[in-house]
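Every heavy atom of this structure was used, including side-chain atoms; hydrogens, water molecules and symmetry mates were not. All figures in this text were calculated on a predicted structure; none of them were measured in a lab.
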Amino acid sequence: MAGQESVLALQEKLANEQRLVQLIDRIHSAKTLDTIFIEVQGELLSSFDAERMTLYAIDHDKKEIYSKFLALDAVREIRVPISAKSVSGFVALSKQTVNIADAYDAAELKKISPELTFDSSWDKRTGIRTTQILCMPILHDGKVLGVMQILNKKRGPRFTKDDELSVARIAKTLGIAFNNQAQMGAQRRGGKFDYVVAQGLVTQDEVNQAVGIARQKNLDVETVLLEQFKVPKGELGQSLSQFYRVPFMEYDSRVVPPADLLKDLKLEFLKRNLWVPVRREGHTIIVLIDNPQDLQRVDAIYELLRGQQVQLAVGLRKDVAMFLAAAGGEAQSKDSIGNIITALGEESTLEKETDVSGSDIDENDSAVIRLANQIIIDAYKARASDIHVEPYGPQKDTMIRLRIDGHCREYQRIPGAYRRALAARLKIMAQLDIAERRKPQDGKIKFRLPDGRDIELRVATVPTQGGNEDVVMRILAASEPIPVDKLGMLDRNLREIKNAADKPYGLILCVGPTGSGKTTTLHSVLGYINKPERKIWTAEDPVEITQYGLRQVQVHPKIGFTFANAMRSFLRADPDVIMVGEMRDEETAATGIEASLTGHLVFSTLHTNSSVETVIRLLDMGLDPFNFADALLAVLAQRLVRRVCVDCKEDYHPEKDEFEELAHAFGEADFKKLAIKYDDDFILYRGKGCQACNNSGYRGRAAIHELLVASDPMKKLIQTKARVADMVKVAKEEGMTTLVQDGILKALDGLTDLKQVKAVAIK
């Protein structure tokens with residue numbers, strides 16, 4: 001009997017060996033990694049005493065491991081960062097085999113690595129509990145090419161040493177196969193113009209012709225394709241980006257290579273070698289080069305920028321040359337920022353050599369005047385809303401940052417010796433006291449751009465640590481109102497705000513934090529009712545948007561001409577409509593309600609978080625609830641979210657977690673009413689990042705709204721000073737969408753994304 005069992009065991013062992021040999025042949029004969037992931041992976045599992053397995057390959061560019069699997073006839077991808085936080089990521093990072101008896105045993109995980117955790121989200125989605133894990137690196141010549149992960153041993157408390165040997169044998173085979181696939185992939189990558197050929201923009205024969213012409217005329221092939229074969233620059237850039245596996249960057253006149261990055265590099269050397277440090281992104285320096293595979297030049301870049309994090313980008317030779325020209329101040333006006341900072345750098349060096357502290361540098365120095373002017377011009381061209389001048393003492397460079405689309409970006413650095421001269425110059429322009437550096441001051445600059453347009457800047461100076469003085473300037477560019485139909489409101493909100501604006505009297509409020517576009521929205525609504533038969537007065541601080549037909553007044557609180565005083569003056573000037581910039585106090589609010597009850601339509605703004613909270617805030621100010629309820633027509637709360645860049649917008653199928661987060665943020669019950677289901681057709685949108693959006697994926701901003709209409713039931717709640725929750729319930733029943741809901745609807749339409757909505761509207 002025992003002999004018979006040993007024979008059976010031997011036969012089973014031989015059968016397993018045969019299956020293993022066949023599998024090894026299948027792995028070696030696989031034509032692509034996808035074949036190994038989708039077809040061979042399932043067959044491999046049958047060789048092990050386990051319930052599940054996952055094969056991962058490494059993506060060096062993204063520092064991730066990834067796997068693919070078939071789901072409802074569509075290929076899906078899993079990606080895991082290479083880090084010590086996950087089991088598979090840790091194995092890829094450390095090249096160690098991990099054998100765990102229970103994935104949920106935190107103590108066992110901590111023994112392997114203090115950072116190691118188990119992500120249970122996959123278990124929650126599938127309903128399967130992970131227990132044992134055997135995870136092994138896939139190596140070739142000591143280099144990690146992937147990870148093999150076996151889960152849940154069928155027999156026994158944990159994977160044994162024999163199991164590890166079996167997995168190691170397959171892992172070794174996979175290492176050879178993955179290496180071969182990588183080499184074949186490099187060969188398949190072919191030429192750097194394959195993308196434009198595949199897109200049908202040129203044929204391979206035309207590319208060959210372009211190569212011949214380029215050799216004859218001593219040009220680069222890209223220039224010939226652009227000029228003679230009319231290949232669009234963006235498509236050519238995409239082709240280069242795919243081939244070199246780095247971002248493509250076009251020349252942008254608004255981007256000047258920072259002077260501090262170039263100070264230790266000779267311009268002639270950069271021109272000869274055709275590369276240039278273009279800008280900083282956090283702690284990384286972006287270096288533009290026409291051929292990121294030229295090892296000699298790339299080695300020189302890393303050597304000269306030693307100690308710095310470097311990210312290569314590919315560009316056309318002409319564009320690299322133009323960036324270098326901008327850095328050298330060539331082919332530009334003498335007031336280019338590059339020229340001015342170079343001049344300042346030279347003067348700063350001279351100051352140090354002559355042992356001058358920098359306090360003797362005159363704010364009326366021509367370079368300082370040119371610098372202050374150019375900062376404002378460049379900020380306006382870059383669509384910045386704010387300019388931040390941030391000094392760090394005489395020894396360190398002064399940082400200048402711009403806020404564009406709600407996010408700050410570094411613009412330039414100037415020598416620290418000029419920090420006080422620049423601050424003094426900006427204070428002179430704002431008519432502030434330059435001798436007073438101990439307390440904050442605020443003022444305004446009226447500035448004329450080179451094209452003759454006038455802009456206004458609101459200036460605030462703040463003394464900071466170390467005897468420094470920060471200057472923050474908000475650009476208030478005079479502009480035309482946006483038509484109310486173009487504000488991006490939902491149909492219900494647009495209809496109701498128009499209905500409220502058509503009323504002969506009452507109070508309409510627009511609320512939100514500073515910089516949320518309240519004034520823009522009010523001017524759009526005023527533009528809708530701006531007819532010859534209506535007399536409209538506005539009191540603003542400052543007047544940013546001008547409209548023909550409106551009588552606009554700028555208030556001056558310093559001389560006692562406040563919003564409340566302006567409104568009382570308007571009541572004696574035969575108005576039909578009054579717009580007051582802000583209800584800052586009870587006096588202004590009470591005067592506004594009085595005006596609305598005496599037959600005038602009143603518009604105003606308030607700094608509150610939501611439409612319902614506005615009602616409570618005004619009642620808390622001491623307003624009479626009956627008068628306020630009678631006067632109120634509508635409260636519009638709004639925020640600005642960053643728009644997904646239209647030039648690089650792409651759709652994608654999100655993970656179930658992201659869909660569930662969307663539904664939870666919208667409100668489960670309300671989301672069900674939208675009848676949106678998570679299936680293979682469900683898509684969201686994101687920006688890949690391109691030249692137009694500075695590789696951020698966002699360009700411009702859009703508004704999200706929450707409109708509370710003062711219906712009869714709502715007026716009754718206001719009169720009784722009801723709770724916020726009761727008001728919100730009634731408002732929703734009457735069709736109000738909250739800020740978050742409005743934002744999510746716009747994310748579903750591809751205007752923005754949930755990340756941006758969360759940033760501005762979710763507490």
Are the side chain of [X] and the backbone of [Y] linked by a donor-acceptor contact shorter than 3.5 Å?
{"X": "Ser113", "Y": "Leu109", "result": "no"}
{"X": "Asp405", "Y": "Gly700", "result": "yes"}
{"X": "Thr284", "Y": "Gln309", "result": "no"}
{"X": "Arg492", "Y": "Leu707", "result": "yes"}

Q. Under 30°, 30 to 60°, or over 60°: which ring-plane class applies to Phe682 and Phe659, parallel, tilted or perpendicular?
A.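 Perpendicular.
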
Q: For residues 641-652, pull every pair meeting side chain to side chain donor-acceptor pair (under 3.5 Å), keeping only residues two or more places apart or in separate chains.
A: His407-Arg642, Glu650-Arg686, Tyr652-Glu658

Q. Can a salt bridge be assigned to the pair Lys85 and Glu115 using a cut-off of 4.0 Å between side-chain N and carboxylate O?
A. no

Q. Would you call Lys732 and Glu734 a salt bridge, taking side-chain N to carboxylate O under 4.0 Å as the test?
A.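 Salt bridge between Lys732 and Glu734, a charged N being under 4.0 Å from a carboxylate O: no.
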
Name the atoms and distances for all side-chain donor-acceptor pairs under 3.5 Å in residues 664-677, with sequence neighbours left out.
unit_1 : atom_1 : unit_2 : atom_2 : d
Asp670 : OD2    : Gln741 : NE2    : 2.9

Q | salt bridge (charged side-chain N to carboxylate O under 4.0 Å, His left out) between Glu281 and Arg279, intermediate numbers included | A | CA-CA 7 Å; Glu281 281 184 6; Arg279 66 168 184 266; 2.7 Å; yes

Q.
If the condition is side chain to side chain donor-acceptor pair (under 3.5 Å), which residues does Tyr302 pass it with, not counting sequence neighbours?
A. none

**Q.** Nearest heavy atoms of Ile616 and Met727, plus distance in Å
**A.**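 Taking every non-hydrogen atom into account, CD1-CE, 4.0 Å.
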
Q. So which heavy atom on Val167 is nearest to which on Met148, and how close?
A. CG1-SD, 3.8 Å

